[in-house]
Every structure is written in C-alpha cells, then in structure tokens.
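So you know, we letter chains A, B, ... as the sequences are listed, proteins then strands, and number each from 1. Keep in mind that this is a model prediction, so the values were computed, not measured.
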Amino acid sequence: MRGVLIDIFHRLLDRYSNQNWWPADTKDEIVIGAVLTQNTAWRNVERAIENLKRSNLCSLDGINSADIDVLKENIKPAGFFNQKASYLKNIAAFFCQHGGFDGLNRLDTARLRKMLLSVKGIGKETADSILLYVFDRPIFVVDAYTKRLLKRHGIAHEAEYDQIQRIFMENLPCDVGLFKEYHALIVRNAKEFCKTRPDCSGCPLEGLL
DNA sequence: CACCAGGAATGTA
DNA sequence: TACATTCATGGT
C-alpha cells in the first residue's frame, strides 16, 4: 500500500511538477475559496473571487462587515449563493471570535478541526483544506477526485471520507509539504485527463490499472 | 436537452 | 448508520 501511494505521487510529480497550492493571494482568500468551491467548478469560484476583490470584500473582515445581500450578489457565479453567503458569514465570525488566524493557530490540530467542523458550512473537506493550506497542519484532504482515483485503481472501494484519509495518512510520511502537493497533483491530474478524456489515455497512472 | 463541478446540511427510516 | 433531497451557476 505504502509503495503504491508513493509511486502514484512520484508519477504525478514527474508529469506535472510542483503545483504550489492553494491558488490564492492570502490566507483569507483560501478560506473563502474553500467554501465557494464546494461542489462547484473552480472557474466559477474565480469569477466570484474577482467580484469580491473588486468590491474590496475578499477578506474575512470584509465579509464580516459586508451586507449579506451584497455578498450574495458578489458570489453569485459560484452557485448556491444563498447558502454560501451565510457560510462565509459564519466562518468570518468564527475567526473573529477566536482571535483570528493567530488565535486559532495556538490550538492543537485535533481541537481546531473539531471547532471548524462545528461551524455551519464547514464539512470535513473544507475543514481539512483550511487546516492544511491555511494553518499548515499535516492533514490529508480527501475530495471527489481522490475517492475516484482510489476506486479506479482498486486501492479502496469504500467511499468513506475518514477511511480514505487514514489510508493516505497511515501510509505516507507525515509531511505538510507532501500532503499539500499530493492533493494538488490529484486535482491537476483529474482536470487534465479524467474530465476531458474518459479513457484516460496518456494519464501518468495508466500502468497501475 | 442532460449532466457535471475541488460539498454540506437536512430529513427520513 | 445509510441514503435521499436541496442548494444554483456556468461549461460541455
């Protein structure tokens, strides 16, 4: 198992090189993007973030003080704008209540994860994305692409989030940089092949099937 | 026209 | 616990 996961990582890395995720200018923007991208194409998230930047609302403080309807209007391209506007408000308030990034960064990872999960609008993937890419904690992010990859290569047939997360974390060196890069490469590869080419011909993981 | 995209909350049995 | 439904825009 361990060898397979490391083999996959190196094949992806050889093909695409470092991705240096998350694609954002600030930590606040990562949090915002993590919510906006829930079940949504990243292209549409980019439009929403452009709107927020133009309105000077692309920060947690900005979201805190923004009018909810203005917020909705800005993030409309990302879909589910009624829910996501509330979610963003919840998360911005949460950060504010706990002393912002520096305040929350004092907490241990397990505690911080539970607190993030208690915020309405933050599920497992969003929480782990924030833990990994904002707080630099060694947590493996599992998304639809990750589940599909493991299923396709017969590594794990169950689609349970915690199960899949454990498979990665128990069989890889516990390294923040590795976890960041691995998840980024899985997304990159999925967008490159599995999406546009159903047969996955030319995919760097072809030999593993 | 249908289907999907870097999910999560809510309701039902 | 295990599923089903809802949320919404833009691309293919």
List for me each residue that meets salt bridge (charged side-chain N to carboxylate O under 4.0 Å, His left out) alongside A/Lys89, sequence neighbours excluded, and say none if there are none. none

For A/His10, give me all partners under ring pair (Phe, Tyr, Trp, His ring centres under 6.0 Å), at least two apart in sequence or on another chain. none

If you look at every strand shown and take non-hydrogen atoms under 4.0 Å, does A/Ile122 touch a base, only sugar-phosphate, or nothing? sugar-phosphate

Contacts of A/Asp67 that satisfy side chain to side chain contact (heavy atoms under 4.5 Å, CB included) - sequence neighbours left out: A/Asp69, A/Val70

How does each nucleotide of nucleotides 5-11 of chain C score, in 5' to 3' order, for protein heavy atoms under 4.0 Å: base (B), sugar-phosphate only (S), or none (-)? --BBBSS

Parallel, tilted or perpendicular: which describes the rings of A/Phe95 and A/Phe135, with under 30° parallel and over 60° perpendicular? parallel

Contacts of A/Gln163 that satisfy side chain to side chain contact (heavy atoms under 4.5 Å, CB included) - sequence neighbours left out: A/Glu158, A/Glu160, A/Arg166

Atom NZ of A/Lys147 and atom P of B/dA5 are separated, to the nearest Å, by 12 Å

Restricting to nitrogen or oxygen on both sides, can you table the protein-nucleotides 10-13 of chain B pairs closer than 3.5 Å?
| from | atom 1 | to | atom 2 | distance (Å) |
| --- | --- | --- | --- | --- |
| B/dT10 | OP1 | A/Lys120 | NZ | 2.8 |

Aromatic ring proximity A/His98/A/Phe94, centre distance under 6.0 Å: yes

Side chain to side chain contact (heavy atoms under 4.5 Å, CB included) filter on A/Asn82, not counting sequence neighbours, yields A/Lys72

List in numerical order all residues of residues 134-144 of chain A for which some heavy atom is under 4.0 Å away from an atom belonging to DNA chain B. A/Asp143, A/Ala144

Backbone of A/Leu13 reached by a side-chain donor or acceptor of A/Glu181 within 3.5 Å: no

Presence of A/Thr37 side-chain N/O under 4.0 Å of B/dA5 phosphate oxygens OP1/OP2: no

Calculate the interatomic distance between A/Asp128 atom CG and B/dG7 atom P; express it in whole Å. 13 Å

Would you call the rings of A/Phe140 and A/Phe168 parallel, tilted or perpendicular if under 30° counts as parallel and over 60° as perpendicular? parallel

In whole Å, I'd like the distance from the CG atom of A/Leu116 to the P atom of B/dG7. 18 Å

Side chain to side chain contact (heavy atoms under 4.5 Å, CB included) partners for A/Lys27, two or more places apart: A/Phe101, A/Val134, A/Asp136

Considering only the P atoms, how many Å lie between C/dG10 and B/dA9, rounded to the nearest integer? 24 Å

Check every strand shown and say whether A/Ser129 touches a base, only sugar-phosphate, or nothing at a heavy-atom separation below 4.0 Å. nothing

Interatomic distance, A/Ile164 CD1 vs B/dG7 P [rounded to whole Å]: 13 Å

Among residues at least two apart in sequence or on other chains, which ones pass side chain to side chain donor-acceptor pair (under 3.5 Å) with A/Asn105? A/Arg137

Grab the CD-P distance between A/Gln38 and B/dA5 for me, whole Å please. 15 Å

How would you list all residue pairs meeting ring-ring contact (aromatic ring centres under 6.0 Å, His included) that involve residues 53-93 of chain A, not counting sequence neighbours? none

May I ask you to list the residues of residues 4-14 of chain A, by number, that have any heavy atom positioned under 4.0 Å from an atom of DNA chain B? none

Exercise: do A/Asn74 and A/Ser55 side chains pair donor with acceptor under 3.5 Å: yes

Going by atom types only, do A/Gln165 and A/Asp128 share a side-chain donor-acceptor pair under 3.5 Å? yes

Length of the line joining A/Tyr161:OH and C/dT1:P, which is rounded to integer Å: 17 Å

